[in-house]
Amino acid sequence: MALKIRLRQQGRTNRPFYRVVVTDCCAPRDGRYLEDLGWYNPGEAEADKNLLIRADRVQHWLNLGAQLTEKTESLVAQAAPSVLREQTEKKLALRAKEAAKRKQRKKGAA
């Protein structure tokens, strides 16, 4: 089961309101979800009232293999940049580890 962290549309006509949720990638946009991670209200003028994301839960789901959608990634970057910074550091560490393995194999083969 592939997991996505994405927006779930709520609200009414011409007044959208979104929830940030973890869901199966095959589930419909407004369908069933596993966990509610926060909300986003684009109609609110005040910055502190238009976005709330629980960074610890987002980090938990990312560690379990969930993927962020583009819009959700930009919202997480606004609300909790440390989460994305940690993900980037993990990717760089993994690349460095793989490069070291390749270098060691070349050295051993020669």
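Sparse packing is recorded around CD of Gln104, with 12 or fewer heavy atoms of other residues, nucleotides or ligands lying under 6.0 Å away. In the displayed structure, Gln67 atom CD is contacted under 6.0 Å by at most 12 heavy atoms of other residues, nucleotides or ligands.
Nearest approach of Trp39 to Lys49, heavy atoms of both residues: CZ3-O, 3.1 Å. For the residue pair Ala77 and Leu84, the shortest heavy atom distance occurs at CB-CD1, 3.4 Å. The two residues Ala80 and Ala55 make their nearest non-hydrogen contact at CB-CB, 3.5 Å. In this structure, Arg29 and Arg8 approach most closely via the heavy-atom pair O-CG, 3.7 Å. Here the closest heavy-atom approach between residue Arg6 and residue Thr72 is recorded as CA-OG1, 3.4 Å.
Between Asn41 and Leu52, every side-chain heavy-atom pair lies at or beyond the 4.5 Å cut-off. Looking at Thr69 and Lys4, their side chains come closer than 4.5 Å, going by heavy atoms from C-beta outward. In this structure the side chain of Leu68 reaches within 4.5 angstrom of the side chain of Leu62, judged on heavy atoms. In this structure the side chain of Gln87 reaches within 4.5 angstrom of the side chain of Asn63, judged on heavy atoms. Proximity of Phe17 to Pro42: side-chain heavy atoms (C-beta onward) are nowhere separated by under 4.5 Å. Counting only heavy atoms from C-beta outward, the side chains of Lys106 and Lys103 never approach each other to under 4.5 Å. With a 4.5 Å cut-off on side-chain heavy atoms, Val58 and Ile5 count as touching.
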Exercise. Run the side-chain contact (heavy atoms from CB on, under 4.5 Å) check on Lys101 and Glu98 step by step: do they pass?
Worked result: CA-CA 5 Å; Lys101 277 186 180 179; Glu98 290 173 352; 5.5 Å; no

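For Asp30 (side chain) and Gln9 (main-chain N/O), a donor-acceptor pair under 3.5 Å exists by modelled atom type. Using a distance-only test at 3.5 Å, with no hydrogens or angles considered, a donor-acceptor pair links the side chain of Arg54 to the main chain of Asp36.
Hydrophobic clustering, with ILVMFWY side chains joined whenever heavy atoms are under 4.5 angstrom apart, keeps Leu94 apart from Leu92. Connection of Leu75 to Tyr33 is not established within any shared hydrophobic cluster, with ILVMFWY side chains joined at heavy-atom distances below 4.5 Å, either directly or through further cluster members. In this structure, Leu37 is a member of the same hydrophobic cluster as Leu51, with clusters built from ILVMFWY side-chain heavy atoms closer than 4.5 Å. Val21 and Val76 are members of different hydrophobic clusters when ILVMFWY side chains are connected at heavy-atom separations under 4.5 Å.
Every residue was checked against the side-chain hydrogen bond (donor to acceptor under 3.5 Å, both in side chains) condition with Arg95, not counting sequence neighbours, and none meets it.
Here Lys71 contributes atom NZ and Tyr18 contributes atom OH; the two are 8.5 Å apart, rounded to the nearest 0.5 Å. Annotation: the span from Leu3 atom CG to Trp61 atom CH2 amounts to 6.0 Å, rounded to 0.5 Å.
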